[in-house]
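Input: a single structure, listed below in structure tokens.
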Amino acid sequence: MKRPVRLEPGQKLVLTANRLLDGRTVWWCADGTWDLHIGRAALLDADEAEAVLARVVAEAQRDGVVGVYDTAVQAAVPPEPVTVREKIRAHGPTVHPEFAVETEQ
Amino acid sequence: MSIPVGHYQYDRIDRDFLQARIAEFEGQVQRRLDGTLSEDEFKPLRLMNGLYLQLHAYMLRVAIPYGILDSRQLRKLGEIARRYDRDYGHFTTRQNIQFNWIRLEDTPAILRELAEVDMHAIQTSGNCIRNVTADEYAGAAADELVDPRVHAEILRQWSTLHPEFTFLPRKFKIAISGSPNDRVAARFHDIGILARPGEDGAPVFRIFVGGGLGRTPVIGEELFDSVREEHLLATLEAILRVYNAHGRRDNIYKARIKILVQAIGVDAYREAVEAELVQMDLERYRLMPEAVAAIRSRFAVPLLEAPADADAVLAQQRRDDPLFDRWVRSNTHVHRDPGHIIATISLKPAGGIPGDATSAQIVRLADLADAYSFGEIRITHLQNVVLGHVRKDRLRDLWLGLAEVGLAEANIGLIGDIVACPGLDYCALANARSIPIAQKLGARFADTALQAEIGALRINISGCINACGHHHAGHIGLLGVDKRGEEFFQLTVGGRAENGAAIGTILGAALPEDETVDAIARLVDCYLGRRESGETFLDTLTRLGHEPFREAAYETV
Ligand code: HEM
Ligand code: SF4
């Protein structure tokens with residue numbers, strides 16, 4: 001059973017996963033694609049997230065991603081994850097600034 | 001092809017098997033990619049081949065049996081890091097190497113490249129007997145009684161693909177040493193083995209069971225004091241059978257052998273093993289001297305020749321160059337041959353990432369091994385690298401060569417020689433980042449003269465309770481905890497993995513990340529201020545107890 005999501009004011013949910021082919025962290029975009037950059041992620045309200053998540057999980061194999069789940073972000077531009085773990089997934093290992101995801105493509 | 005110094009020479013059977021295994025895995029990857037296999041079905045298959053999914057990418061863990069490599073293999077690891085990863089690799093506390101940025105689709109090709117040099121990633125994950133670890137000075141140290149590599153190789157052959165032990169209740173780790181100075185943390189392994197010569201000259205084995213770290217740290221207990229060589233495999237087989245039959249499978253946190261040994265007591269465990277031995281076909285497992293000799297013959301013995309004045313040359317060079325002298329003091333160990341010395345190369349540059357090496361450094365290490373140590377390299381369980389047989393009069397040249405690639409740090413066994421797991425920068429299970437705190441501590445104590453002044457002091461850091469960084473066994477241990485999404489560190493003191501193994505005691509409430517380094521600096525100051533002449537950190541801690549250290553750590557400024 002999924003835990004009920006409780007968001008603080010100013011927070012939204014995003015969907016994230018790892019790419020099957022190379023394991024890279026990706027974020028779900030409103031057009032149904034997956035992107036390395038959290039800045040392109042679709043921001044979801046708590047009440048819609050559950051249904052979207054179920055749909056996206058069902059399409060994970062077709063979309064080439066594994067381990068889809070939702071996580072809370074501050075709804076800024078770009079959105080910033082709430083937990084340290086998701087910040088590190090979004091931006092890359094803090095000990096290798098040269099691998100920062102922001103600098104890719 | 002000549003036989004490699006240091007590790008066992010594989011043959012046709014080993015190589016055919018590796019190729020078949022890679023072909024099998026390649027088929028599994030194909031079926032995963034085309035959707036025939038679901039992630040749930042595929043995950044255990046990839047883990048059996050050492051492939052994990054971490055936070056940012058797949059991670060491939062490559063086995064280094066008993067931590068020994070030849071230069072050809074090391075060079076290959078460097079090439080893989082360059083070609084398939086982001087130009088570096090991470091050496092682990094289990095004497096393995098991990099690559100952090102691997103693509104699933106590249107994995108079969110990487111495994112083929114590894115197989116070219118007799119390497120693989122099998123049994124580096126999963127509930128099986130993992131890579132057997134051994135003393136990093138095996139076959140070289142003056143204080144060694146029995147060379148553990150021959151029996152480590154016998155254990156490797158026995159445990160590889162052992163059909164009965166492929167689905168144990170949980171992972172199983174074995175370490176073996178042949179020195180009275182425990183350099184393998186024998187009492188923190190599921191089975192720890194200490195070999196020594198018996199009365200008739202053949203080795204006998206002291207066996208500990210049920211040690212481990214993780215969320216329930218336990219010091220292994222002695223099961224047998226003197227197992228004869230011929231009964232070594234039968235005894236291990238019986239220990240594993242008892243565990244396989246009675247270890248818990250209902251709760252992953254209670255599944256290790258240590259929980260079973262704690263639950264029934266070591267005496268009952270011994271009785272169960274003895275009962276198993278009585279009804280086993282002992283002939284089948286008898287380890288005959290000829291079999292041991294045959295294995296031994298597949299290790300080449302280095303021809304240790306040194307000029308008569310090698311020792312004098314080294315002594316003079318040490319007098320002439322204080323920096324070199326400092327490195328020799330901390331980074332070498334006495335070799336059994338008076339003309340040779342063991343050099344430990346630190347992978348802990350001040351402010352760097354413990355255990356990481358760039359492709360260029362890895363390839364250079366292979367070159368230096370060729371030039372100075374019979375092409376042989378060992379990885380230590382403290383995430384460093386050893387060249388086992390260096391001629392004393394050539395040690396300084398080696399040191400100069402190391403300095404060119406930033407590998408001449410003089411800190412082995414000192415406060416800068418920090419052990420740290422990958423932590424939250426990579427690991428999907430982590431609560432906190434281990435590496436940045438290691439880097440800050442490394443930078444804080446960067447001065448190697450200060451490190452020498454502080455003396456023997458090990459810091460171990462784990463990013464979560466799984467304890468991959470051995471924090472319970474650190475003289476000072478740091479455990480990362482998550483408090484509402486923020487990183488905190490719990491401090492322990494007094495752990496040790498060497499002789500007299502002990503689990504560290506928690507000093508108090510976990511500290512916020514940004515206060516942790518200062519707290520440790522105050523701990524160290526407390527020791528420096530109160531130690532008596534000749535005392536190490538552990539000595540002072542034992543004499544004074546924890547209280548002064550607790551006060552120092554939590555003192556608010
Ligand atoms: C993806 C990375 C890793 C994962 C998922 C992982 C997972 C785990 C888990 C779950 C445990 C606890 C086992 C138990 O108590 O039953 C553990 C223990 C351990 N791991 Fe790791 N680990 C990782 C990386 C490493 C690395 C990099 C090292 C070496 C630096 C390492 C060495 C160890 C050791 C020595 C232990 C403790 C000994 C023991 O009780 O087994 N692990 N690991
Ligand atoms: S101790 Fe925890 S954080 Fe560190 S590598 Fe092991 S599982 Fe990951």
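Note on naming: letters A, B, ... go to the chains in the order of the sequence lines (proteins, then strands), and numbering restarts at 1 for each one.
- Taking CZ of A:Arg85 as the reference point, atom CG of B:Leu429 lies at 8.0 Å (rounded to 0.5 Å).
- Under a cut-off of 6.0 angstrom, the local environment of NZ in B:Lys440 is crowded, with over 12 non-hydrogen atoms contributed by other residues, nucleotides or ligands.
- When all heavy atoms are compared, the tightest approach of A:Gly23 to B:Tyr58 is N-CE1, 3.2 Å.
- The contact between B:Asp356 and chain A is made entirely by side chain atoms (from C-beta outward), counting heavy-atom distances below 4.5 Å.
- Note on ring orientation: taking the six-membered ring where Trp is involved, the planes of B:Tyr88 and A:Phe99 are parallel (angle under 30°, cut-offs 30° and 60°).
- Residue B:Pro436 comes nearest to A:Thr94 through the heavy atom pair CG-OG1, 3.9 Å, listed as atom of the first residue, atom of the second, then distance.
- Of the atoms belonging to A:Arg62, not a single heavy atom falls under 4.5 Å from chain B.
- To the nearest 0.5 angstrom, A:His96 atom NE2 is 3.5 Å from B:Tyr426 atom OH.
- Between A:Thr83 atom OG1 and B:Asn431 atom CG the span is 11.0 Å, to the nearest 0.5 Å.
- When heavy atoms are compared at a cutoff of 4.5 Å, B:Glu105 approaches chain A by way of both its backbone and its side chain.
- The CG atom of A:Leu20 lies 4.5 Å from the CZ atom of B:Arg32; values are rounded to the nearest 0.5 Å.
- Among all heavy-atom pairs drawn from B:Glu486 and A:Val84, the shortest one is CA-CG2, 4.4 Å.
- Within the 4.5 angstrom heavy-atom criterion, only side-chain atoms of B:Ile353, from C-beta onward, approach chain A.
- Here the closest non-hydrogen pair linking A:Asn18 and B:Leu53 is CB-CD2, 4.0 Å.
- A distance of 6.5 Å separates NE2 in B:His56 from CD1 in A:Ile88, rounded to the nearest 0.5 Å.
- Separation of atoms NZ (A:Lys87) and CG (B:Leu424) is listed at 11.0 Å; rounding is to 0.5 Å.
- Under the 3.5 Å distance criterion, with hydrogens and angles disregarded, no donor-acceptor pair is assigned to the side chains of A:Arg89 and B:Gln54.
- Both the backbone and the side chain of A:Val95 come within less than 4.5 Å of a heavy atom of chain B.
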